[in-house]
Amino acid sequence: MPGGVVSGPRVLLPWAPGEVGGLPGGWTAAVWDGTGGPPGADVLGSVEFFVIPYTFTAAARPLLARMPRLRVLQSLSAGVDDLAPHVPAGVTLCNARGVHDASTAELAVALVLASLRGIPGFAVAQQAGRWSGGFRPALAGRTVLIVGHGSIGTAVEARLAAFECEVVRVARTAREGPGGPVHAFGELPGLLGAADVVVLTVPLVPETRGLVDAGFLSRMKDGALLVNVARGPVVDTGALLRELRSGRLTAALDVTDPEPLPAGHPLWSAPNVLITPHVGGNSSAFEPRARELVRSQLARFTAGLAPVNVVPGPAGAPGR
C-alpha cells in the first residue's frame, strides 16, 4: 500500500456510513451511489475499500485506475465476469455471494410457474377481454434439473420443495449435497433427456460460456422448458432461437445475449419465450442483505482480517 498520511476518505460507499452501522474511529467515508458525476481525485486518491453501487459496474470501472491505495473492491453482484478483468493487480475482489439468493430463486420459480401455467397468454387475453382457458402442465410431478448448484441453485431447490417435483442437481464437480447427490457437468448429456425443466444458475466462466449450445438443447426432451437466471452468454442465442421457432422447446429468460436486448432483436418476437429484463436480484430482498454484507466486510477489513467472498484468480467469478 502506498505510504504517506491519509487525509481523504478511506472508504467509498453507495450509502451513508450510518446505513451500514457506521465506521470505526478514525475512519472516514465518501458516498457515491453511481448517479451524477464520479468522485474527484481528492476522494479517489485515498480510498482503500470501494463498494461499487449495484448496477453501476460500467461507470465504476474507469475509476479503479485512479485509486492508488485501493486494497479491497466489493461488488454488490454475485457474478463479476464484467468486472474481474479490470481489477488492478494487488486488489482483492469480492463478490456478493448470498446477497441475491432469495430474490433470484424467487424469480426462477416464478418464471417456471408462469411459463408452465401459461400466465403470459392469460395476461394478453385479459387485455383483449377474452376468456381463454385450456389445459396446461403443472410443476407437480415434473423433473427439474438445476445446472449450477451454488448458493443460488441451492436456494432454488429449497423453494421447489413445496411443489412436489423431483429435483436433479448438477455442478462442476460431483458431491453429496444436503438434498441428495450433485452430479458433475460431465453427466449432463445423460440427464437432460429426463428433465421437464432446466434451470441455469451457473456463473459465467470460460467453461460455462456457450454451455447451452445446439448439442445441449438437442438433448432436452420435446416440450421442455429452459430457464436462465445465470448470464446471457451461457446460452447460444442462435441455437435457442432455432428451437423456439420449431416449437420443440420453451424458454424463460431473465438474462440474454446480447444484453440489454435491443429493440427488434429476434428474441423479442420469438414464440414460446418469456423475457424479463435481468431483474432476478433487484428486489426488496436485496438491499438489507447487501448492507449486512458490507457491514461485515468493513468490520473484517478494519480489524485486519481477510474478507469473505474473495474471487479467485485474475478473472474468476464464482457466483451468479
Side-chain angles (χ1 to χ4, degrees), residues 52 54-61 75-87 93 95-97 100 104-105 107-108 111 115 145-153 156 170-172 185-186 188-189 192 197-220 224-245 249-270 272-282 311-320:
I52 296 182
Y54 187 51
T55 74
F56 286 94
T57 296
R61 285 196 301 252
S75 172
L76 295 181
S77 295
V80 292
D81 48 276
D82 57 345
L83 176 61
H86 304 273
V87 178
L93 172 62
N95 69 13
R97 178 182 173 89
H100 298 280
T104 304
L107 183 67
L111 291 173
S115 298
L145 176 62
I146 300 176
V147 182
H149 207 259
S151 61
I152 291 177
V156 172
V170 174
R172 279 182 276 191
F185 276 1
L188 266 173
L192 286 167
V197 178
V198 177
V199 180
L200 305 174
T201 61
V202 292
L204 180 61
V205 293
E207 65 193 285
T208 62
R209 185 179 290 272
L211 172 70
V212 183
D213 57 10
F216 182 111
L217 295 168
S218 70
R219 294 183 179 93
M220 291 176 61
L225 167 66
L226 177 74
V227 177
N228 190 3
V229 292
R231 284 289 187 265
V234 170
V235 177
D236 180 331
T237 299
L240 178 60
L241 276 168
R242 289 189 289 274
E243 293 287 4
L244 295 173
R245 288 167 174 162
L249 299 178
T250 60
L253 311 173
D254 185 48
V255 290
T256 60
D257 183 24
E259 187 177 304
L261 197 62
H265 191 280
L267 267 177
W268 285 121
S269 57
N272 309 310
V273 63
L274 170 60
I275 298 172
T276 55
H278 201 153
V279 293
N282 201 7
V311 178
R320 178 182 181 262

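FYI, the numbering just counts along the sequence from 1.
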Which residue, V147, D236, L200, forms the side-chain contact (heavy atoms from CB on, under 4.5 Å) with V212?
->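 Only one option passes, and that is L200.
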Is any side-chain heavy atom of [Y] closer than 4.5 Å to one of [X]?
X	Y	value
L249	L226	no
P233	E259	no
V87	V80	no
S75	L83	yes
L274	L111	yes
L145	V197	no

Interatomic distance, [X] atom [atom1] to [Y] atom [atom2] [nearest 0.5 angstrom]:
X	Y	atom1	atom2	result
R209	D81	CZ	CG	7.0 Å
D213	L240	CG	CG	11.5 Å
F216	L192	CZ	CG	4.5 Å

For the side chain of [X] and the backbone of [Y], is there at least one donor-acceptor N/O pair under 3.5 Å apart?
X	Y	answer
R61	D82	yes
W268	P262	yes
T208	P203	yes
N95	A78	yes
N228	R231	yes

Who passes side chain to side chain donor-acceptor pair (under 3.5 Å) against S151, sequence neighbours left out?
->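 Counting only residues at least two positions away or on another chain, S151 forms a side chain to side chain donor-acceptor pair (under 3.5 Å) with D101.
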By side chain to side chain donor-acceptor pair (under 3.5 Å) - contacts of T276 (at least two apart) |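 With neighbours one apart ignored, the set is D254.
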Residue pair [X] / [Y]: nearest heavy atoms and the distance that separates them:
X	Y	value
A270	L244	CB-CD1, 4.2 Å
L225	A252	CD1-N, 3.9 Å
S77	Y54	OG-CE1, 3.5 Å
A230	V234	CB-CG2, 4.4 Å
A60	I52	CB-CG2, 3.8 Å
V170	F185	CG1-CD1, 3.4 Å

Can you sort out the partners of E207 under salt bridge (charged side-chain N to carboxylate O under 4.0 Å, His left out), two or more places apart, ordered by chain and number?
->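 Only R172 meet the salt bridge (charged side-chain N to carboxylate O under 4.0 Å, His left out) criterion with E207.
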Stepwise, does the side chain to side chain contact (heavy atoms under 4.5 Å, CB included) test hold for T237 with T256?
-> CA-CA 8 Å; T237 299; T256 60; 6.0 Å; no
Kindly determine whether T201 and V156 satisfy side chain to side chain contact (heavy atoms under 4.5 Å, CB included), including the steps that lead there.
-> CA-CA 9 Å; T201 61; V156 172; 4.3 Å; yes
For side chain to side chain contact (heavy atoms under 4.5 Å, CB included), just list the numbers for L267 and L241, CA-CA rounded to whole Å, side-chain angles, deciding distance to a tenth of an Å, and then say yes or no.
-> CA-CA 7 Å; L267 267 177; L241 276 168; 3.8 Å; yes
